[in-house]
Structures are given as structure tokens and as C-alpha cells.
Number of protein chains: 2
Amino acid sequence: MIVIDPRSRTPIFEQIKEQILNLINTGELQPDDKLPSVRQLASELDLNVNTVKRAYQELETERVTYSLLGKGVFVSKTAVANKIVLENAEKELVRVLSSSKAKGISPERVIELTKLIYEKGDLND
Amino acid sequence: MIVIDPRSRTPIFEQIKEQILNLINTGELQPDDKLPSVRQLASELDLNVNTVKRAYQELETERVTYSLLGKGVFVSKTAVANKIVLENAEKELVRVLSSSKAKGISPERVIELTKLIYEKGDLND
DNA sequence: CAACTGTGATAGCACACCTATCACAGTTTT
DNA sequence: AAAACTGTGATAGGTGTGCTATCACAGTTG
């Protein structure tokens, strides 16, 4: 299930991309699985076809999916999605850690938060 | 010294805000210190006055600075800036750590990166 | 008085995102 | 074969945001 936050600053097509990548990464979407059609997803999310198309096309450019004219869009066999997700996630993590350092958060605090988040469940405060 | 990256996706006025907050947080700007005038900073950064004004006004709204008509803009006595910076930074850190967990980065990897970034200098790769 | 401060208002431009629409190509279903 | 589905391409227009340009006003400083 894909959910869009229209108020978010991150563009809708990027939200779609991220969530598809996550679905693949968690295994909910398997290699060669068919993605919802552009029209169907656009209809479900109450979006324009072009917006969904853009998300799909960028995913294809990144080799996460492949498309067959008239048939649909499918998850690539190669586990590129996983790599991309991990790479992006680590990139963002490094960025934020550097920023955290610059802004005065102690490394102990970082590790504390890390353990908290990883050992306990979600952050429900 | 404030540096603007025009290619960044984050708006210029936000870049200014962040860097001023950092200057205050690191102590380079002390309470009651005067910020560069809107016109001077705009001139230095080759920006329009309105852009700098917006950054300054938002900082004032957040109680980080106060302005005196005809005199200038000054750092608030109360260390609000520090709080704001830390709060925002920790909030983002938690968000990204949760996301890292969800996307399959191990806690060991997080701690490894943390130590790397905090012990060594910047990320120069 | 001149030159500096902040503030306010207005207008316009550029860009990115999104929508609307029509059209075409290929596949699947009936 | 026809209908209904798939992806794709092109074009146009709306909208919000960020930034600029400009003029004006208010207060402080030298």
C-alpha cells in the first residue's frame, strides 16, 4: 500500500519511488512481480498518470524495474533496489551524522539513540 | 563566514538560517552580537535584500535574534538558538536512524559510521 | 544632513511539480 | 475482430515557491 502526503515538501513522484523501493526491499514486491499499472495507481492515489509515470520511469532508469509495452512494469530480477535503498540510506545517514556532530550532539548520544531505536520498536513519543 | 550553494535544493534563505544558527551554536556569534546588516550580507552573497530579510525574520520569529529598527539584528540573550539547533538536529537524527533501521542498515554499521565521523575529521571521500 | 540600520509592499520572473488531454503502440480479454 | 487493458509521447496550462527588482518609510548614527 502506497500512501501520499500531499503536504510534504518531497515531491509526490519521489514519495512513490521511495515507497516502491521499500516494498521491494522488504520483499513485499518480488523480482518479476508486476507493479500496479500507471493508470490504476494514479486512480488509487487520485493523481495524474504523468506523475506516476515519472516515478516509474525514474525507477526504470535506475534499473530497479523494467517495462514491457502493453504488459506492464515489473521488478528487476537483479536486486538493484536493495543496493539503491541501502546506498541512499547510508548516504543520508552519513550526512545527518556529520550534521549532528557539527551541531553539538555527542557521539555517546548518537549511540544511545541508535540502541534505543534498534532495540526497542518504533519511536512512539 | 556564510557560504551559499545555489545548486542546493534547500532554499537560500534556509541555508542562511542554518549557518547563522551554527555560528551561534559554536559560539562564533555571542549573545547580543550584531549580525551583518541585511544589505551588507545581501551584497556579500550577491543576493537580494529580501532573501536575507526573510532568513532574519524567521530567525526572529523563532526568538533566535531580535532586531532594533535603525540599529541592526542581534543574537538573543537567551540561548534559544542552541536549543533549537539541538532539538532539530536530534529530531532529524532520530528520523534518519529509524529510517536506517527500516531500510536494513545494521546498528553496528551505524555505530561504525558514527565513530568514523566523530573521530576522524570530515567525510572527504 | 548624509549614510547607515530594519521594515513593508508590490510586481515580475523562473523553475519545479502537477494536472489535463489527446494520441499512438502493443497486449490481453472477450 | 473488438474492447479494454498495458506503456509511452507530446503539448499545454495551472500553481506554488523562491528569488529578484524597486520604491518607500521609519529610526539610528556620525
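Every chain is numbered from 1, with letters handed out A, B, ... down the list of sequences.
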Engineer: Using every non-hydrogen atom in the two residues, find where B:Tyr66 and B:Val75 come nearest and quote the distance to one decimal.
Structural biologist: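 The answer is CE2-O, 3.3 Å.
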Engineer: For A:Gly72 and A:Asn50, find the nucleotide of DNA chain D closest to each by heavy atoms; which residue's nucleotide sits nearer the 5' end?
Structural biologist: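 Final value for this comparison: A:Gly72.
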Engineer: Taking all atoms of both residues into account, what is the closest heavy-atom pair of B:Leu35 and B:Phe74, and its distance?
Structural biologist: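 It is CD1-C, 4.3 Å.
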Engineer: Output yes when B:Lys103 and A:Glu90 qualify as a salt bridge under the 4.0 Å nitrogen-oxygen rule, no when they do not.
Structural biologist: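 A salt bridge is absent here (no side-chain N lies under 4.0 Å from a carboxylate O).
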Engineer: Can you find a side-chain donor-acceptor pair between A:Thr78 and A:Ser76 that sits under 3.5 Å?
Structural biologist: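 The criterion, which ignores hydrogens and geometry beyond distance, is not satisfied for A:Ser76 and A:Thr78.
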Engineer: Do any of residues 29-39 of chain A sit with a heavy atom less than 4.0 Å from DNA chain C, and if so which?
Structural biologist: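 Within residues 29-39 of chain A, the residues near DNA chain C are A:Arg39.
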Engineer: For B:Val110 and A:Leu97, which heavy atoms make the closest approach, and how far apart are they?
Structural biologist: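 What the structure gives for the nearest pair is O-CD1, 4.3 Å.
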Engineer: Using heavy atoms to find the nearest nucleotide of DNA chain C for A:Phe13 and A:Val49 separately, return the residue whose nucleotide is more 5′.
Structural biologist: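 With A:Phe13 and A:Val49 compared, the 5'-side residue is A:Phe13.
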Engineer: What I want to find out is whether A:Arg95 reaches B:Glu92 closely enough, with some N-O distance under 4.0 Å, to be called a salt bridge.
Structural biologist: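 Salt bridge: yes.
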Engineer: Pairs under 3.5 angstrom, nitrogen or oxygen only, protein versus nucleotides 26-30 of chain C, please.
Structural biologist:
none

Engineer: With a 4.0 Å heavy-atom cut-off, tell me which residues in residues 51-60 of chain A come close to DNA chain C, sorted by residue number.
Structural biologist: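 Result for residues 51-60 of chain A: A:Thr51, A:Arg54, sorted by number.
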Engineer: Which residues in residues 1-10 of chain A have at least one heavy atom lying under 4.0 Å from any atom of DNA chain C?
Structural biologist: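 Going residue by residue through residues 1-10 of chain A, none turns out to have a heavy atom under 4.0 Å of DNA chain C.
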Engineer: Going 5' to 3' along DNA chain D, between which two nucleotides do contacts with chain A fall, using a heavy-atom cut-off of 4.0 Å?
Structural biologist: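 On DNA chain D, the outermost contacted nucleotides are D:dT6 to D:dA10.
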Engineer: Which residue pairs pass the salt bridge (Lys or Arg N to Asp or Glu O under 4.0 Å) test when at least one of the two sits in residues 15-40 of chain B, sequence neighbours left out?
Structural biologist: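 Checked against salt bridge (Lys or Arg N to Asp or Glu O under 4.0 Å) - neighbours excluded - the pairs reaching residues 15-40 of chain B are B:Lys17-B:Glu58, B:Lys17-B:Glu62, B:Asp32-B:Lys77.
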Engineer: Any chance CG of B:Asp46 has more than 12 other-residue heavy atoms, nucleotides or ligands included, within less than 6.0 Å?
Structural biologist: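 For B:Asp46, atom CG is not crowded (no more than 12 foreign heavy atoms under 6.0 Å).
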Engineer: Nearest whole angstrom, please: distance from the P of C:dG12 to the CG of B:Asn48.
Structural biologist: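 Going from CG in B:Asn48 over to P in C:dG12 covers 16 Å.
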Engineer: side-chain contact (heavy atoms from CB on, under 4.5 Å) between B:Leu59 and B:Leu21: does it pass, once the steps are laid out?
Structural biologist: CA-CA 9 Å; B:Leu59 286 173; B:Leu21 282 169; 4.0 Å; yes
